[in-house]
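Computed from a prediction, not measured in an experiment: that's the story for all the values here. In what follows, chains carry the letters A, B, and so on, assigned in the order in which the sequence lines appear, proteins first and then strands, with residues in each chain numbered from 1.
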Amino acid sequence: MAADPNFNDHVFEVARQVPVGRVTSYGAIAKFLGVGNWSRKVGKAMGLVAGIEPYVPFQRVVNSQGRLTGGTSGIEHRAQLLAEEGVTVIGDKVQNFKTVFWDPVKELNFD
DNA sequence: CGGTTGACGGCCG
DNA sequence: ACGGCCGCCAACC
């Protein structure tokens, strides 16, 4: 399956469904979209979120370790945004990740 | 809990 | 077409 132009949009849409004070992982989103091994592509997609609308809470999307990735750029920014939402982040890692983790596959339902 | 290793798949030069 | 590079993940130590 090659690069689906709609894939990014799906990623963004799922990211928007993440409740405040919660986070999800690249793999969880990829899995939800039915492409569990495209997790990297999800990460790439998040890199394009800057400036698009509606706003995509990319700060709520981390890796499976609850770690904010993307080099060192913007991590502090994301950490602060999460902190304001009630998610404690120390350094580049989400504290109590297991509790704040939000899995779209299990918790996201369609109206 | 943190650091490392192996593997999968797509992407860029 | 080819080789090297990832904003990953799971398993291991």
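Considering CH2 of A:W102 and OG of A:S25, their distance stands at 11.0 Å, rounded to 0.5 Å. Note that CD of A:E84 is 9.5 Å distant from CD of A:Q59, once rounded to the nearest 0.5 Å. Separation of atoms OG1 (A:T24) and CG (A:N63) is listed at 11.5 Å; rounding is to 0.5 Å. From A:E13, atom CD reaches atom CD1 of A:I29 across 11.5 Å, with rounding to the nearest 0.5 Å.
The aromatic ring centroids of A:W38 and A:F7 lie less than 6.0 Å from each other.
Among the protein residues, A:G27 comes within range of the sugar-phosphate backbone only, with heavy atoms under 4.0 Å from sugar or phosphate atoms but none that close to a base. Within the nucleic acid shown, A:R78 comes within 4.0 Å of at least one base atom, counting heavy atoms only.
Taking 4.0 Å as the cutoff to heavy atoms of chain A, we find the contact window on DNA chain C bounded by C:dC6 to C:dA10.
In this entry B:dG10 has C:dC5 as its Watson-Crick or G-U wobble partner, both defining distances falling under 3.5 Å. Across all strands shown, B:dG3 pairs with C:dC12; the Watson-Crick or G-U wobble distances both stay below 3.5 Å.
Place A:Q65 and A:K44 on DNA chain B by their nearest nucleotides, and A:Q65 ends up nearer the 5' end.
Distance, A:K31 NZ to B:dG9 C1': 18 Å, rounded to whole Å. If you measure from atom CG of A:D92 to atom C1' of B:dG3, you get 13 Å, rounded to the nearest angstrom. Separating the OH atom of A:Y26 from the C1' atom of B:dG9 is a distance of 17 Å, rounded to the nearest angstrom.
A salt bridge does not link A:E85 with A:R22: every distance from a Lys NZ or Arg NE/NH1/NH2 to an Asp or Glu carboxylate oxygen is 4.0 Å or more.
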